[in-house]
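Notes to accompany the following structure.
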Protein chains: 2
Amino acid sequence: MNIGEAARASGVSAKMIRYYESIGLVPAAARTNSGYRTYGNTEVQILRFIRRGRDLGFPVETIAALLALWRDRSRQSSDVKRLALDHVADLERKIAEMQAMASTLRHLAETCAGDGRPDCPILDDLGSSPAKACH
Amino acid sequence: MNIGEAARASGVSAKMIRYYESIGLVPAAARTNSGYRTYGNTEVQILRFIRRGRDLGFPVETIAALLALWRDRSRQSSDVKRLALDHVADLERKIAEMQAMASTLRHLAETCAGDGRPDCPILDDLGSSPAKACH
DNA sequence: TCTTGACCTTCCCATCATTGGAAACCTTAT
DNA sequence: ATAAGGTTTCCAATGATGGGAAGGTCAAGA
């Protein structure tokens with residue numbers, strides 16, 4: 001299987017496959033006589049693993065750790081669980097931040113007339129000092 | 001006011017002030033004879049505006065649009081409101097995505113024994129096809 | 001007046017994950 | 001034989017920021 005087919009099968013672009021190889025996230029692929037990379041089902045499965053992890057928001061570094069656990073037959077599932085829960089906590093922190101932002105903006109937008117008048121609390125608020133952000 | 005003092009007063013690092021100038025987000029600052037940038041209260045207020053916008057998660061591009069509206073005496077507050085609400089919609093989309101990720105991960109972590117046994121649904125799921133992500 | 005230390009300048013590099021392009025090579029079908 | 005399309009490597013850029021080097025400037029103290 002050439003890199004393009006592997007890309008289609010895994011959902012990881014050929015560019016990214018080469019990149020993952022260059023940073024050592026995946027081992028160097030086998031080559032044909034003419035230098036083409038070749039992939040088998042195992043490699044595609046690994047790429048799919050990586051892609052799923054990226055979709056779930058794992059940084060590549062964390063995926064590398066998960067991959068190591070995946071490959072390691074003596075892996076402890078508690079390690080995997082901890083990584084996953086750490087990531088959940090991360091996500092929750094970010095979600096809370098974004099919800100705070102959204103609520104501030106919604107509040108400001110409500111107060112904003114939205115007609116042609118130039119009085120807009122959003123701009124006023126953005127220009128004010130940080131402490132006064134939400135009153 | 002030198003750049004350092006302006007940085008302290010606005011909460012934007014000197015590095016970023018120079019960067020914002022280089023990308024044209026703020027006009028080039030006045031200079032002393034010896035080449036030092038100088039800032040007044042207006043400039044600091046603009047920098048604070050930018051900083052508040054960044055804190056609220058606006059991309060620099062959007063801030064540029066807001067700044068233009070801010071400077072424009074004939075601004076329509078409806079334009080500002082639309083920008084803000086667009087951004088709220090963006091935030092809500094991202095929040096939903098992250099909540100989906102978190103819920104998948106939580107579900108997987110629950111199913112994961114978390115003891116020393118090597119059976120871990122998280123890894124199995126990550127290796128499976130995308131469509132089967134959540135069952 | 002000279003020195004010292006804190007400040008400023010520009011320029012380059014690095015991050016992280018990803019995309020884009022260019023130039024050259026390979027494969028396959030017509 | 002040629003054209004199309006896949007592949008290779010390398011180089012550059014993104015966005016927002018941090019880090020650092022090399023050199024110029026300013027203010028205060030000896």
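Proteins get letters first, then strands, A, B, ... in listed order; numbering begins at 1 in each.
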Within less than 4.0 Å of OP1 or OP2 of C:dT9, is there a side-chain N or O belonging to B:R18? yes
Base, backbone or nothing for each nucleotide of nucleotides 23-30 of chain C, written B, S, -, heavy atoms under 4.0 angstrom, 5' to 3'? ---BS---
Using a 4.5 Å cut-off on heavy atoms from C-beta on, say whether the side chain of A:I63 contacts that of A:R54. yes
Identify the heavy atoms of B:N41 and B:M1 that sit nearest to each other, and give their distance. OD1-CE, 4.2 Å
Grab the two heavy atoms, one from A:I17 and one from A:Y39, that are nearest each other, plus how far apart they are. CG2-OH, 3.2 Å
Given atom CD1 of B:I3 and atom C1' of C:dA6, what is their separation to the nearest angstrom? 15 Å
Distance-minimising heavy-atom pair for B:Y20 and B:V60: CE2-CG2, 4.4 Å
Starting at CG of A:N2 and ending at P of D:dT8, how long is that distance when rounded to a whole Å? 7 Å
Angle, rounded to 10°, between the helical axes spanning five pairs at each terminus of the helix from C:dT1-D:dA30 to C:dT30-D:dA1? 30°
Between A:E92 and B:R106, does any NZ, NE, NH1 or NH2 come within less than 4.0 Å of an OD or OE carboxylate oxygen? yes
May I ask you to evaluate whether A:R51 reaches the phosphate of C:dT18, defined as a side-chain N or O under 4.0 Å from OP1 or OP2? no
Rounding to a whole Å, what distance do you find between A:E21:CD and C:dA17:P? 17 Å
What residues, two or more places apart in sequence or in another chain, satisfy salt bridge (charged side-chain N to carboxylate O under 4.0 Å, His left out) together with A:E5? none
Should B:S13 be listed as having a side-chain N or O under 4.0 Å from OP1 or OP2 of D:dG18? yes
Can you check the B:I63 CD1 to D:dT17 C1' distance for me, whole Å? 14 Å
It should be established whether B:R31 places a side-chain nitrogen or oxygen under 4.0 Å from OP1 or OP2 of nucleotide C:dT10. yes
Using every non-hydrogen atom in the two residues, find where B:A29 and B:T38 come nearest and quote the distance to one decimal. CB-O, 3.9 Å
Do the side-chain N or O atoms of A:R37 get closer than 4.0 angstrom to the phosphate oxygens (OP1, OP2) of D:dT7? no
Would you kindly confirm whether A:V26 and A:Y36 end up in one hydrophobic cluster when ILVMFWY residues are joined by side chain heavy atoms under 4.5 Å apart? no
On a heavy-atom basis, the closest approach of B:V44 and B:A9 is CG1-CB, 3.9 Å
Nearest heavy-atom contact between A:L25 and A:I50 is CD2-CD1, 3.8 Å
Measure the distance from CD1 on A:I17 to C1' on C:dT19 and round it to the nearest whole Å. 15 Å
Would you mind classifying the nucleic acid contact of A:R54 as base, sugar-phosphate or nothing, using non-hydrogen atoms under 4.0 angstrom? sugar-phosphate
To the nearest angstrom, how far is A:Y39 atom OH from D:dT7 atom C1'? 11 Å
Any side-chain N or O of A:Y20 less than 4.0 Å from the OP1 or OP2 oxygen of C:dT18? yes
Roughly, in whole Å, what's the span from CG in A:L25 to C1' in C:dC16? 13 Å
Go through C:dT18, D:dG20, D:dC10 for me and flag the one nearest to the A:M16 side chain. C:dT18
Spacing of A:Y19 atom OH relative to D:dT14 atom C1', expressed in whole Å: 14 Å
Assuming nearest nucleotide by heavy-atom distance, tell me which of B:E61 and B:K15 is located more 5' along DNA chain D. B:E61
